[in-house]
Amino acid sequence: ITGTPPAKLQRKGLFIFPNPAQQKYTLVIPEDLPLEGMFIRVFDSTGRLAMEEPAYSHQQMLDLWGYEKGLYFVRVNIGAVDYVGRIVIE
């Protein structure tokens with residue numbers, strides 16, 4: 001994490017749906033944001049990194065099959081800023 005506090009995903013036009021869901025989510029990244037160097041990280045409620053992958057699509061599928069039910073945090077790194085949102089796995 002950089003010195004910049006995380007902002008909400010929606011401030012940058014990023015959305016995750018459906019939420020809650022059982023395993024598959026879609027992260028929508030605006031077309032005007034470059035994917036190069038962008039990373040998506042999912043953390044469980046204890047702060048443990050559960051998944052990490054580079055952004056490869058402006059409508060990226062996040063498959064969380066097999067993950068425990070509960071609250072997770074999705075962190076998208078865009079340059080020096082981290083954007084954070086919450087998802088619930090049912």
Can you tell me how far the [atom1] atom of [X] sits from the [atom2] atom of [Y], to the nearest 0.5 Å?
X: Q23; Y: L64; atom1: CD; atom2: CG; answer: 8.5 Å
X: Y83; Y: L14; atom1: OH; atom2: CG; answer: 8.0 Å
X: F39; Y: R75; atom1: CZ; atom2: CZ; answer: 14.5 Å
X: I87; Y: Y67; atom1: CD1; atom2: OH; answer: 9.5 Å

For [Y], does its backbone N or O pair with a side-chain atom of [X] as donor and acceptor, under 3.5 Å?
X: Y72; Y: A50; result: no
X: N19; Y: R86; result: yes
X: H58; Y: P34; result: no
X: E68; Y: I89; result: no

For atom CD of Q22, decide whether the heavy atoms of other residues, nucleotides or ligands shown that lie under 6.0 angstrom number more than 12. no
What are the two closest heavy atoms between [X] and [Y], and how far apart are they?
X: K24; Y: A21; answer: O-CB, 3.9 Å
X: A55; Y: I29; answer: CB-CD1, 4.2 Å
X: L35; Y: S57; answer: CD1-N, 3.5 Å

Return the set of residues passing side-chain contact (heavy atoms from CB on, under 4.5 Å) with T26 (not counting sequence neighbours), or none when no residue passes. F17, V28, Q59, M61
With sequence neighbours excluded, residues passing side-chain contact (heavy atoms from CB on, under 4.5 Å) with P20: V88, E90
Measuring only between side-chain heavy atoms, which start at C-beta, is M38 closer than 4.5 Å to N77? no
With a 4.5 Å limit on heavy-atom distance, are the side chains of L33 and I78 in contact? yes
Give every residue pair that meets the salt bridge (charged side-chain N to carboxylate O under 4.0 Å, His left out) criterion with at least one member in residues 35-51, sequence neighbours excluded. R41-E52, D44-R48
Verify the cluster assignment for V74 and V81: are they in a single hydrophobic cluster under the rule of side-chain heavy atoms below 4.5 Å apart? yes
